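These values consider heavy atoms only, across backbone and side chains, with no hydrogens, waters or symmetry-generated copies. Computed from a predicted structure; not experimentally measured.
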Amino acid sequence: MKNETKKENDLMEKIVSLCKRRGFVFQGSEIYGGLGGTFDWGHFGLALKNNIKQSWWKKFVDSRRDMYGVDAAILMRQEVWQASGHVAGFADPMVECEKCKKRFRADQIEDKKKCADCGGKLSEARQFNMMFQTKVGASDDSSAVSYLRPETAQGMFVNFKNTVDAFHPKLPFGMAQIGKAFRNEITPRDFLFRQREFEQMEIEYFVRPADWEKYFEYWKGEMLSWMEEVGLDMSKVHELEIAKEDRAHYSSRTVDFEFDYSFGKKELFGLAYRTDFDLKNHGLEYIDEEEKIKMIPHVIEPTFGVDRAVLALLLSAYTEDEKGDEPRSYLKFKPNIAPVICAVSPLLKNKPELVEYANTKVFAPLKAEFGRVAWDDNGNIGKRYRRQDEIGTPWCIVVDFDTLNDDTVTVRDRDTGEQARIKVVDLQNYIKGKI
Ligand code: GAP
C-alpha cells in the first residue's frame, strides 16, 4: 500500500516536472516566489488547452443546431451574485490555528481540533465566502462592489433574454460558454486540480420541466462520449450521485464524474439539474409558442473544468516503456489533442541540401495545412525522438539523403516506434488519414 502511494506521488512529481521542463505549465508569479493557486501556461500547455476547448466547442456547439455561444464579461453587477445565491451561500467551512494563524478547510482535515502544522488549537469552523471581491470605478461606496465570477454559468443566465430575443430558439435549446472562473480557495492544492483562477466549459440546457429527467440522462451520455473522444482513460472515470446535503444550493440533482487522479478519486466534471432556480431569481421567463403559455424553463447543466481536463489527460496519457536500448517516457495523446501533430527534421543540420529540402518541401506545406508542426534539428535523431515523445508528438518526419533521390521521407510512429517510408506528396493525406 505504501509502495502504491509512493508510486502515485512519483507520477505526479514526474508530470509536474515534465510540464515545467517542456513548457506546458509554470507556477504563477514564479520569479517572485509564486502565487498559490495560480498557474501560467507555456506554448505546449496552451496548445493542449486550446485543442481541448476546440474539441469541446466543435462537439457541443458547432455540430449542433440547438446551441448558442456566449462570451460574457467577467465583471458583473453585484445584483447578479445576490440573485444567484452566491453572495449568501458560496462558502466553504474554514478553521484557523490560534497559534500559527494558518487557515484550513474544515471538511478537508482529519483532526478538527489540532493544527496539522504546529499542533496549535483550531478555532470553531466559520463560513468563508470564496468570491473575489473588487470595486468598479473610482467610487469607494458599497454600490461599487463587484465580484470576479466564480462560475461562467451566470454569464449565460443574464443573457438568456438577449439570446431568446435575437435567435427565437424553441425548447429545448442550450447556451454554451468557455471562460475564466475565480474562487478564493482556502487551500489550493494538487497542481491544476484546485486553483484560484481556472477555466470552465459550461452548458445551460433549457427544457420543459416535465422533460428534465430525459435530458439529464441524455447529457450524461454526451459528456461520457466527449471524455472518450478526447482520450481520457475511461477506466479511471466514475459516476457519483451526490447526496442532497452535499449538493450546491441551486441543484436538485447532481452527478459528478470523478477521476482516479494519482492523489485520489476526485471530481473531474459535473452534471446538475438547476431547475428554474436561476431564471426565476433573475426574474426571467419564456413564451412557449407551442404550448401558448408563459413559463420558466428548467435547466440541465453539464459543466467541465478545462484545467482538470488537462490534468486528467496528462495522467491518462503518461506512459513509460523501454524502446530500443533505453527507457523512455511519452505522452500518448490522441493526434487532435497533441500540442504538436508532427515534427520535421533534416537528418543532419550541417547539410544545406537536406535543410533546404526539409524546410521548403516538407515543413512549410505541413505547417500551412496543420499549423501545429514543429521544426526540430537539435542533437542526434534519437534525442529528437525522445524529446518529441515527451510532449506527445504522434509522428516524427526525417529528411535524409535518400529523400534527395526518391522524394520519400521516414515517418516514425510515437507509440510503436515503427518507421514507414512515405512519398513527400502523400504526407498530408497520410497524416489526415491517421487523424
Ligand atoms: N456552474 C457550476 C459549477 O461551477 P462546480 O462543480 O463548482 O460547478 C464546475 O465547478 C467544474 O469546474 C468542476 O467540475 C471542475 O472541473 C472545475 N473546478 C471547480 N473548482 C475548481 C478549482 N478550484 N480549480 C480548478 N477547477 C475547478
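- Nearest heavy-atom pair, Thr393 versus Cys342, reported as atom, atom and distance to 0.1 Å: CG2-CA, 3.6 Å.
- Under 4.0 Å is where a charged nitrogen must lie from a carboxylate oxygen, and between Arg149 and Glu202 no such pair does.
- Ionic pairing of Glu30 and Lys20 is present here: one or more N-O contacts between side-chain nitrogen and carboxylate oxygen are shorter than 4.0 angstrom.
- Judged by distance alone, with hydrogens and angles left aside, the side-chain atoms of Asp256 form no donor-acceptor pair with the main-chain N or O of Glu258 at under 3.5 Å.
- Using a cut-off of 4.0 Å between Lys/Arg side-chain N and Asp/Glu carboxylate O, Arg253 and Glu241 are scored as salt-bridged.
- For the atom pair CE (Met76) and CD1 (Ile74), the distance works out to 9.0 Å, reported to the nearest 0.5 Å.
- Phe157 and Tyr250 have their aromatic ring centers separated by at least 6.0 angstrom.
- Leu148 contributes atom CG, which lies 11.0 Å from atom NZ of Lys180 (distance to the nearest 0.5 angstrom).
- Arg196 has no carboxylate O lying under 4.0 Å from a charged side-chain N of Glu185, or vice versa, which leaves the two without a salt bridge.
- Residues Ile431 and Leu366 come closest through the heavy atom pair CD1-CD2, 4.4 Å.
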Begin from the C-alpha positions of Leu354 and Leu404 and carry the test side-chain contact (heavy atoms from CB on, under 4.5 Å) through to its verdict. CA-CA 8 Å; Leu354 291 184; Leu404 303 179; 4.0 Å; yes
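- Note that OG of Ser225 is 7.5 Å distant from CD of Glu228, once rounded to the nearest 0.5 Å.
- Salt-bridge annotation for Asp107 and Arg105: present, with a side-chain N of the basic residue lying under 4.0 Å from a carboxylate O of the acidic one.
- A side-chain donor-acceptor contact under 3.5 Å links Gln78 to the backbone of Ser142.
- Within a 6.0 Å sphere centred on NZ of Lys135, other residues, nucleotides and ligands contribute more than 12 heavy atoms.
- Between Trp219 and Phe60, the ring-plane angle classifies as tilted under the 30° and 60° cut-offs.
- Listed for the Asn429 side chain is no donor-acceptor partner under 3.5 Å among the backbone atoms of Lys432.
- Crowding of Lys236 atom NZ: a count of heavy atoms from other residues, nucleotides or ligands under 6.0 Å exceeding 12.
- Atom-to-atom distance recorded for Ile300:CD1 and Phe216:CZ is 6.5 Å, nearest 0.5 angstrom.
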Let me see the working for Tyr273 and Tyr215 under ring pair (Phe, Tyr, Trp, His ring centres under 6.0 Å), right down to the final yes or no. CA-CA 10 Å; Tyr273 169 41; Tyr215 286 108; over 10 Å; no
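- A salt bridge between Glu13 and Arg21 is absent, with no side-chain N of the basic residue lying under 4.0 Å from a carboxylate O of the acidic one.
- Using modelled atom types, no side-chain atom of Arg183 and backbone atom of Arg194 make a donor-acceptor pair closer than 3.5 Å.
- Centroid-to-centroid, the aromatic rings of Trp81 and Phe90 stay 6.0 Å apart or farther.
- Considering all non-hydrogen atoms of both residues, Ser251 and Ala272 come closest at OG-CB, 3.9 Å.
- Relative orientation of the Phe206 and Phe173 rings is tilted, given thresholds of 30° and 60° on the angle between their planes.
- Distance CG/Asn378 to NZ/Lys383: 10.0 Å, rounded to 0.5 Å.
- Rounded to the nearest 0.5 Å, atoms CZ (Arg387) and CZ (Arg328) are 15.0 Å apart.
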side-chain contact (heavy atoms from CB on, under 4.5 Å), that's the test. Do Ile341 and Ile435 meet it? Break it down for me. CA-CA 9 Å; Ile341 288 186; Ile435 295 171; 4.1 Å; yes
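- When atom types are taken as modelled, the side chain of His238 and the backbone of Asp260 share no donor-acceptor pair closer than 3.5 angstrom.
- Within a 6.0 Å sphere centred on NZ of Lys58, heavy atoms belonging to other residues, nucleotides or ligands number 12 at most.
- Here the closest heavy-atom approach between residue Met156 and residue Ile203 is recorded as CE-N, 4.5 Å.
- Put simply, the residue from Val411, Thr403, Val409, Leu347 that forms a side-chain contact (heavy atoms from CB on, under 4.5 Å) with Val398 is Leu347.
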What do the steps show when you test Asp402 against Arg421 for side-chain contact (heavy atoms from CB on, under 4.5 Å), and what is the final call? CA-CA 10 Å; Asp402 288 341; Arg421 204 72 199 169; 3.4 Å; yes
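- The aromatic rings of Phe193 and Tyr261 sit perpendicular to each other, their planes meeting at more than 60°, with 30° as the lower class boundary.
- Aromatic pair Phe167/Tyr68: centroids less than 6.0 angstrom apart.
- Note that Arg308 lies outside the cation-pi zone of Phe259, set by a 6.0 Å cut-off to the ring centre and a 45° limit from the axis.
- Using a distance-only test at 3.5 Å, with no hydrogens or angles considered, no donor-acceptor pair links the side chain of Thr152 to the main chain of Ile178.
- Here the shortest heavy-atom pairing between Asn184 and Phe128 reads O-CE2, 3.2 Å.
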Give the intermediate values and the outcome of side-chain contact (heavy atoms from CB on, under 4.5 Å) for residues Asn51 and Arg372. CA-CA 10 Å; Asn51 296 340; Arg372 292 178 283 125; 3.2 Å; yes
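- Between the side chain of Asn336 and the backbone N or O of Val230, no donor-acceptor pair lies under 3.5 Å.
- Closest of all the heavy-atom pairs between Trp56 and Gln177 is CH2-O, 4.3 Å.
- Between Arg412 and Asp389 a salt bridge is recorded (basic side-chain N to carboxylate O distance below 4.0 Å).
- The existence of a salt bridge linking Arg77 and Glu79 is confirmed by a sub-4.0 Å separation between a basic side-chain nitrogen and an acidic carboxylate oxygen.
- Aromatic rings from Phe269 and Phe257 are positioned such that their centres are separated by 6.0 Å or more.
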